[in-house]
2 protein chains.
Amino acid sequence: MKLSTRSRYGARILVDLARNKDQGPVQIGEISKRQDISVKYLEQLIRPLKKANLVTSVRGPKGGHILAEKPEKISLGQIVRLFEGQSDLVECVSFPEKCPMSDDCQVRLAWRDATEVLYEKLDSTTISDLMNGNKPEDD
Amino acid sequence: MKLSTRSRYGARILVDLARNKDQGPVQIGEISKRQDISVKYLEQLIRPLKKANLVTSVRGPKGGHILAEKPEKISLGQIVRLFEGQSDLVECVSFPEKCPMSDDCQVRLAWRDATEVLYEKLDSTTISDLMNGNKPEDD
DNA sequence: GCTAATCCATACTAATCTTATATAGATTTA
DNA sequence: TAAATCTATATAAGATTAGTATGGATTAGC
């Protein structure tokens with residue numbers, strides 16, 4: 001039960017943008033150096049962030065990426081839901097039809113409740129909570 | 001971010017044993033039929049459950065498997081920790097040395113807190129909570 | 001117009017993990 | 001003696017992950 005690096009990197013990218021938002025659009029190359037993530041992989045990760053309206057971009061020279069929302073408005077929950085193919089702990093939580101017993105399955109309800117508790121926590125943690133501190137560029 | 005089937009099956013096995021604890025030792029063949037898990041796979045899954053002292057076994061004819069603890073004493077948290085190779089959401093939570101920035105990384109602390117909240121919930125959910133209901137043998 | 005930059009799509013791959021199944025027995029006890 | 005657990009290891013198919021590679025199209029500052 002492990003978060004994908006995409007979620008972890010996604011969080012780091014947004015924290016990086018939040019930290020550097022005073023200096024105008026932030027270029028992928030800069031993020032790449034600071035976060036040690038390849039430019040090409042960053043391109044892949046930023047795309048969904050843009051689709052989700054968490055990031056906007058400026059094209060052309062001096063262009064780059066900017067947070068589209070205030071850091072207080074972006075939560076880890078949003079990021080994780082965006083990047084995890086399956087955001088529930090078990091499939092039958094969101095797709096009860098995958099299991100013939102789902103109707104009155106106590107175990108399913110337990111996985112569902114645990115998933116909910118987890119996301120309550122993630123949803124209440126924002127980029128703003130994470131951007132302070134002594135340059136924790138990692139994880 | 002998905003639980004392995006081993007955790008899910010582990011929970012189902014223990015619930016099955018709890019439900020059938022009045023009829024003496026429960027044989028792997030019976031569990032296999034009820035839970036639709038192969039005998040050989042069940043053997044693999046029961047071994048760690050025994051090592052963790054959640055199940056005891058009786059050998060020989062009429063033998064089988066019995067819960068070693070009361071259902072109220074076995075939690076989903078124990079099961080998940082037992083079966084998930086990595087029980088934290090991200091590696092650096094338990095192994096900060098994996099990341100050079102772990103010392104004062106805010107993001108790491110957030111993943112740690114989310115992991116903790118999740119396990120608080122799993123630890124407070126017991127097999128006893130799951131064994132009632134209309135035969136939910138699945139998930 | 002040149003160039004720095006984002007944007008887009010897709011393909012490939014290496015490695016790892018998952019989910020079993022298979023094989024071949026040793027041991028225990030009704 | 002036979003039903004059952006126990007042990008250990010090997011194999012394999014499939015999925016997923018984490019990236020890299022390829023090859024460009026587009027935008028806009030200078």
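Reminder, nothing fancy here: chain letters follow the sequence lines and each chain counts from 1. What's counted below: heavy atoms across the whole structure, side chains too, no hydrogens, waters or symmetry copies.
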Without decimals, in angstroms, what is the distance between A/Leu3 CG and D/dT17 C1'? 13 Å
Between B/Lys50 and B/Gln44, whichever has its closest DNA chain D nucleotide further toward 5' is B/Lys50
From CD of A/Glu91 across to C1' of C/dT18 the rounded distance in Å is 14 Å
In whole angstrom, give the distance that lies between atom CD1 of B/Ile31 and atom P of D/dA4. 13 Å
Among C/dA20, C/dC7, D/dG29, the nucleotide that comes nearest once only the side chain of B/Tyr41 is considered: C/dA20
Among A/Ile37, A/Leu17, A/Leu45, the one residue meeting side-chain contact (heavy atoms from CB on, under 4.5 Å) with A/Ile31: A/Leu17
With distance as the sole test, does B/Ser38 use its side chain to make a donor-acceptor pair with the main-chain N or O of B/Tyr41 at under 3.5 Å? yes
Out of D/dG29, D/dG19, D/dT5, whichever nucleotide has its closest atom nearest the side chain of A/Tyr9: D/dG19
Can you tell whether the side chains of A/Asp123 and A/Arg81 come within less than 4.0 Å, N to carboxylate O? yes
Judged by each residue's nearest nucleotide on DNA chain D, which is more toward the 5′ side, B/Ile28 or A/Ser4? B/Ile28
With the side chain of B/Pro61 defined as its heavy atoms from C-beta on, choose the nearest nucleotide among C/dT21, D/dG19, C/dT29. C/dT29
Is any side-chain heavy atom of B/Arg108 closer than 4.5 Å to a side-chain heavy atom of B/Cys99? no
Of the listed C/dA20, D/dT5, D/dA18, the closest approach to the A/Arg6 side chain comes from D/dA18
So does B/His65 get a side-chain nitrogen or oxygen closer than 4.0 Å to the phosphate oxygens (OP1/OP2) of D/dA4? no
Among the nucleotides C/dA26, C/dT23, D/dG24, which one has an atom lying closest to any side-chain atom of B/Arg59? C/dA26
Which nucleotide sits closest to the side chain of A/Lys2: C/dA20, D/dC6, D/dA18? D/dA18
Just the rounded figure in Å: distance from P of C/dA11 to CD of A/Glu43. 17 Å
Take the protein atom NZ of A/Lys40 and the nucleotide atom P of C/dC7, then report the distance between them rounded to whole Å. 12 Å
Rounded interatomic separation in angstrom, taking CZ from B/Phe83 and P from C/dT18: 13 Å
Are A/Glu30 and A/Arg34 ion-paired here, with the side-chain N under 4.0 Å from a carboxylate O? yes
To the nearest Å, how far apart are A/Lys51 NZ and C/dT6 C1'? 16 Å
Distance, rounded to the nearest Å, where B/Ile46 contributes CD1 and D/dA4 contributes C1': 12 Å
Measure from the side-chain heavy atoms of B/Gln27 and tell me the nearest of D/dA18, D/dT5, C/dA20. D/dT5
Closer than 4.0 Å, any side-chain N/O of B/Thr5 to the OP1 or OP2 of C/dT18? no
So, is A/Ser38 near the phosphate of D/dG19, with a side-chain N or O under 4.0 Å from OP1 or OP2? no
What I want to check is whether the side chains of A/Thr115 and A/Asp88 have a donor and an acceptor closer together than 3.5 Å. no
Considering heavy-atom distances to DNA chain C, does B/Gly85 or B/Gly60 have its closest nucleotide positioned more toward the 5' end? B/Gly85
